[in-house]
Structure formats: structure tokens, C-alpha cells
Amino acid sequence: MLLFSLRNLARSRTRTLIMVIGIGIAVAGFIGLVSFSHSIKTTFHESLDVISGIMVMQKGAVDTPFSFVDEDDSAKIAKVYGVKTVIPQITGVAREIDGKKISGISFTGMYSFLGEDPAKAEEENLLRQYLSEGRYLQEGDENAAVIGRKIAEDYNKRIGSTITVNGYRFRVVGIYSSGIDFMDSMIVIPIEKARKMAGLPKGTVNDFYVEVDDPKKAGAIAGIIEDLFPEYQASTSQDYAEEMGGVLSSIDMFFLAVAGIALAIGGIGVLNTMMMSVAERKKEFGVLRAVGWTDDDVMKMIIQESFFLGLLGGAAGMLLGYLALAGAAGVMPFKIVAEPTIFAEGLLLSVVLGVAGGLYPAWRASRLEPTIAMRD
Amino acid sequence: MIVLDKVTKVYKVGETEVHALKGVSLKVRPGDFVFIVGPSGSGKTTLLEIMGGLMTPTSGRVLIDGKDISKFNDWQLSLFRRNRIGFVFQNFNLIPSLTALENVLVPMIPEGITKSLEKRARELLKEMGLGHRLHHTPGQLSGGEKQRVAIARALINEPLIVLADEPTGELDTATGAMIMDYMRKLNKENNLSFVIVTHDVEYIRKSDKLYRIKDGLLHHVRRVG
Ligand SMILES: Nc1ncnc2c1ncn2[C@@H]1O[C@H](COP(=O)(O)OP(=O)(O)OP(=O)(O)O)[C@@H](O)[C@H]1O
Ligand SMILES: [Mg+2]
């Protein structure tokens with residue numbers, strides 16, 4: 001009977017092919033979207049793992065450029081038990097690099113500058129640990145810059161190259177690489193230059209980046225800092241994770257909904273194909289019944305056919321999904337993770353879809369009277 | 001032996017009732033070669049359908065080797081057809097996607113195709129003079145060849161009786177005569193019963209049993225012609 005089912009599919013080759021491609025696209029959509037949403041989450045969590053310290057900003061500020069804190073407080077925060085270093089920072093958007101305007105927020109993210117005290121930069125800090133070439137800022141630096149790998153790649157910079165940011169010239173002395181694109185899109189420069197670029201008065205910076213001795217205690221230390229300085233908010237990567245969690249799960253829901261719609265359309269497609277194919281073969285089912293097939297036998301055969309339709313569609317979907325993800329990997333700003341389990345799920349869903357879409361047509365066919373074999 | 005005892009069939013179409021069979025009694029013994037003739041709409045096909053277990057009568061009994069199938073349910077009737085009945089249709093009713101050999105085996109697919117079944121199918125086709133057409137699909141066969149494949153299919157389950165509804169209806173006279181000869185041969189050699197509905201009276205011989213059906217009533221005809 002297996003062979004017979006396959007023959008029946010082979011009979012209307014074009015229709016079977018169109019259906020297989022249709023299901024294939026639905027399954028590929030599912031695989032692609034789920035992998036996509038996984039990738040976004042993975043990238044986000046990886047970045048959080050990289051940031052182990054505490055960000056201290058003005059209370060209520062939406063982002064660092066809109067936060068203003070008193071530079072003198074850094075010494076006070078440094079005295080809090082468990083704090084390793086406090087790095088006052090001035091940040092801003094690089095609107096222009098090497099004289100070329102950077103328009104809005106591009107798909108590949110945006111570039112920013114980060115001012116740090118060259119004297120303090122000797123100490124252990126976040127970006128310094130990712131230094132891959134050259135040196136970090138050091139005391140006496142005025143026009144030195146340490147740039148992220150992404151910027152080095154995008155603007156073809158090496159140690160010794162000059163780079164112009166918002167009209168200020170710097171010499172590249174070091175390149176760091178954390179492996180995460182948006183982290184590697186910063187230009188670290190001496191804080192006094194950054195102050196000029198950001199137009200901040202003396203004694204004011206945007207935020208403090210606080211490194212702690214034990215990252216596990218970061219939450220507790222952040223709480224102490226907030227108690228001591230009610231005008232500041234201190235956030236750990238954990239806090240960001242919680243804040244982002246909601247956003248991420250809505251992205252997840254959205255992707256799942258789209259994938260679900262794609263799959264539903266696939267299922268309706270199977271239903272439609274099988275209904276058509278059953279309607280065309282009414283007389284044949286009558287003959288099968290007349291020569292001794294039971295209603296269950298007929299039903300079994302049609303479910304087998306739609307099972308194969310689902311299986312073939314699933315295989316096509318895995319292939320298409322793989323190609324789509326491989327294509328996206330080159331274009332997207334984050335790493336694409338394609339887990340084998342998602343492919344397996346796609347195949348399984350496709351088979352379930354196939355069988356589900358075949359149930360009703362199979363039932364209809366099994367209800368046909370055997371006497372139609374004798375009549376027209 | 002097959003016995004029909006006062007069989008009636010009433011079709012209901014909306015409000016109106018069609019009395020297709022009005023009390024038909026008939027005996028078919030092993031080795032009988034039976035012809036049924038009659039005008040269009042007289043109930044010939046209906047009679048074959050009831051004898052072959054494609055449907056149940058409205059009243060009366062259908063005894064096959066003493067067993068009454070008139071009260072069988074759908075599943076029992078299916079198995080009864082599979083095991084005891086061979087059907088031959090006017091328009092062959094072969095499955096277009098399958099080869100001659102596969103078509104012959106179709107009734108046995110639900111039970112599984114064994115090597116010995118396949119051997120039997122090959123032999124049947126050879127016996128029908130189609131040894132060289134085993135792997136042709138119906139589209140590649142002539143009408144006469146198709147009907148011979150259909151006869152082989154009717155025989156694959158070693159039936160008690162073969163029921164044929166106008167088996168020569170779509171064939172020219174010479175080919176029709178050949179098909180009749182094949183059926184007679186099978187009848188003689190295997191003592192297999194046939195009930196054949198036909199319009200072509202020239203195929204009927206003196207030794208055959210002949211019935212005429214008119215307005216749902218069956219009459220035994222003693223003389224041919
Ligand atoms: N499914 C049905 N529903 C209603 N009436 C039917 C049905 N099948 C047959 N009939 C009627 O029953 C009567 C007998 O039909 P049947 O097909 O048995 O005749 P027949 O002798 O085989 O005719 P023909 O020589 O044209 O094939 C006819 O009047 C026909 O219209
Ligand atoms: Mg008829």
C-alpha cells in the first residue's frame with residue numbers, strides 16, 4: 001500500500017511538487033523565524049555575560065548621553081566595599097567618521113565614542129581585557145584612540161592609522177575585540193577630548209562604569225551605591241536582562257505567531273490538495289471498495305499519501321531553511337545559531353501537518369459508496 | 001451456491017421511491033454460466049450489486065453457501081467481496097497509475113502482497129495471453145487487453161463467482177467475442193460460476209442459463225433467441 005500511495009503522489013507530479021514547495025516554504029519560515037529569535041536572544045545574553053560590572057547613571061536618564069553625574073563622586077564610590085575600580089565615562093554618538101556622515105541608525109548598528117581617563121585606564125577595565133592589538137590608553141595620551149574590531153574592519157584601520165570622529169582627529173594605538181558587534185563599535189578616547197566633543201562642563205561626566213571584585217555581588221553593591229547616592233541609579237547586567245526580557249519575549253511571540261500562520265497556511269494547502277486529489281479519484285475509490293477494500297483501508301492509503309506529502313515538504317523546508325539561514329548569517333548584525341533540534345521540529349511539524357491535512361479528505365473518501373464503481 | 005430469495009430494492013430519491021427490484025428469486029450453482037438481459041433501467045446492475053455484496057437489499061435474503069449476507073455490515077461486506085467475489089466492469093475500471101500486474105494484485109493490497117500472490121497474478125495474466133504486457137499501464141493497453149487484465153484481477157482471490165456488468169459493452173464485436181471465450185474457458189476449466197449482464201444476445205449459447213429482467217422482475221427464458 002505504501003508503494004501505491006507513492007504512485008498516487010507521483011501521478012499528479014506538478015501538483016505534488018507545488019505542494020511540497022508550499023509546505024517547504026512554510027517549514028523553512030518556521031525554522032528561520034525560530035532560529036532568528038533564538039539568535040537574538042543568544043547574542044543578547046552573550047553580551048550581558050561580557051559586561052560584568054555596574055553602570056551608574058543619573059536617576060531617570062534614558063541613556064548615557066542624557067545622564068550627568070558629578071565626577072568627584074567616583075572617588076566616593078570607589079570606597080564602597082567590594083568595588084575594584086570606578087571609571088568615569090563620557091559617551092556620544094559618532095555622527096561622522098573620516099568626514100563621512102553616518103545616517104541614522106543603520107541595520108549594522110551605530111558607532112559611538114567613549115571617553116575615559118587615560119591615567120585611570122591603566123587599571124583593569126572592561127574593554128581593556130579584550131585588547132587584541134596594540135596598547136590601551138595610557139597617561140599622557142591626548143589624541144590616542146583604541147577602536148573596536150568592527151570599526152577597524154568597517155573603516156580599514158590599523159595601529160598607527162588616523163581616524164576622524166565628529167571632526168576630531170585621533171591616532172589608533174590599539175584595537176579590542178569582544179566578538180560582539182555592537183560592543184566592538186566603540187572608539188575609546190581620552191576623556192578631556194570626549195568632554196569637548198560632548199560639550200560637557202568640567203567636573204561632569206555621563207556615567208561611571210564600576211568594576212567589582214566579585215561579579216556575583218554586583219547586585220548587592222549596586223543597591224548600596226543607590227542607597228548612598230539617591231540621585232543615581234546603578235544597574236547590573238542582570239537588571240538589563242530583566243528589562244529586556246519582556247521585549248525579547250514579545251519578539252519571540254511575534255516570530256512564533258508568524259511561523260504559526262505560515263504553518264497553518266501549509267496545513268490548509270495539504271487539505272486543499274488532498275481534497276482535490278480525492279475528488280478526482282472518487283471512481284477509483286469505488287473500485288477499490290468494490291474489489292474488497294474496507295473503508296479503513298481507503299482511509300489509511302490517503303493518510304499515507306498526505307504523510308508523504310508532509311515528509312517531502314519537511315525535507316524541502318529543512319533545505320530551504322538552511323539556505324535562508326546561511327544567507328542571513330552574512331547580512332545580520334548578530335550571530336545566527338541554527339540548532340539541529342529546530343530542524344527536527346520543523347520536519348516533525350510538517351509531518352503532523354501532512355497527516356492532519358489528510359484526515360478529513362481521507363474520511364470523506366472512506367465514506368464513498370462502493371456502488372459508484374458500477375455507475376458513472 | 002448462491003440463492004436470492006424474494007429480493008427487493010427500493011431507492012429513495014427525496015419523496016419518490018424507485019422500486020428497482022420487486023421480488024427476485026434466483027439460484028446460481030457452481031459451474032453455471034448465467035446471462036441476464038433486459039431493457040435499460042430494468043434493474044440489472046442493481047441485481048449484480050446485491051449479489052456481489054456492494055449493497056444490501058431492502059428485503060429478502062441473499063444466501064452464499066448458506067450464509068445470509070443481506071444483514072452484513074459494511075466491513076463484513078468488504079471482506080466478503082475481497083474473499084468470494086470477482087467483479088468485471090463495463091469500463092474496465094483499472095487504476096491508471098499501476099501496471100497490469102499491479103492492477104491484478106490491487107484487491108489483495110490490504111492483506112499484503114506475498115511472493116505466491118505475485119506468482120499467481122503473473123500466471124493469470126499469462127493465461128489471459130498477456131504475458132508480454134505485465135508492466136504496461138492501462139494507457140498503453142487496448143480495450144480487449146484492459147478487459148483481460150480486469151478479468152485476471154477478478155480471479156486473483158479465487159472467487160466463488162464472477163459478476164460482470166456488460167463486460168463487452170465498450171468493445172468491438174470480435175474483441176467482445178474473444179473476452180466471452182476467455183470467460184467460457186475459465187468456466188469450463190475451473191467449474192467457476194459467472195453471471196453476465198449483457199445486451200449482446202449473439203454471445204449466448206443453448207447451454208447457458210438465460211434470464212430476462214423487466215421492471216424489476218426476473219423471468220427464466222428456456223430458449224435462446
Ligand atoms: N442510486 C440510485 N438512486 C435512485 N435510483 C436509482 C439508483 N440506482 C438505480 N436507480 C434506478 O433503479 C432502476 C434500475 O437501475 P439499474 O441501474 O439497476 O438498471 P440497469 O438495468 O442496470 O440499466 P442499464 O441497462 O441502463 O444499465 C432505474 O430506474 C434507475 O433509475
Ligand atoms: Mg446497468
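Just so you know, these numbers use all the heavy atoms, side chains as well, and skip hydrogens, waters and symmetry mates.
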Could you check if a side-chain atom of B:T58 sits within less than 4.5 angstrom of a side-chain atom of B:K12, using non-hydrogen atoms only? no
Test item: side-chain donor near acceptor, A:S37 and A:D252, under 3.5 Å: yes
With chain A, the option among B:D165, B:I95, B:T45 that has the most non-hydrogen atom pairs under 4.5 Å is B:I95
By a 4.5 Å heavy-atom criterion (distance strictly below it), what part of B:T46 contacts chain A: side chain, backbone, both, or neither? both
Select one option (side chain, backbone, both, neither) describing which atoms of B:Q90 are under 4.5 Å from chain A's heavy atoms. neither
Angle class for the B:F194/B:F33 ring planes (parallel below 30°, perpendicular above 60°, tilted otherwise)? tilted
Heavy atoms, side chains only, cut-off 4.5 Å: are B:R81 and A:V291 in contact? no
Interface moiety of A:R375 toward chain B, non-hydrogen atoms closer than 4.5 Å: side chain
Please determine if B:K9 and B:E49 form a salt bridge, counting it only when a charged side-chain N lies under 4.0 Å from a carboxylate O. no
Near A:Y322 OH, under 6.0 Å, is it more than 12 heavy atoms from other residues, nucleotides or ligands? no
Please flag which part of B:I85 lies under 4.5 Å from any non-hydrogen atom of chain A: side chain, backbone, both or neither. neither
Could you tell me which portion of B:R153 (side chain, backbone, both or neither) has an atom closer than 4.5 angstrom to a non-hydrogen atom of chain A? side chain
For B:N91, is it the side chain, the backbone, both, or neither that has a heavy atom closer than 4.5 Å to a heavy atom of chain A? side chain
Chain B contact via A:K283 - side chain, backbone, both or neither, heavy atoms under 4.5 Å: side chain
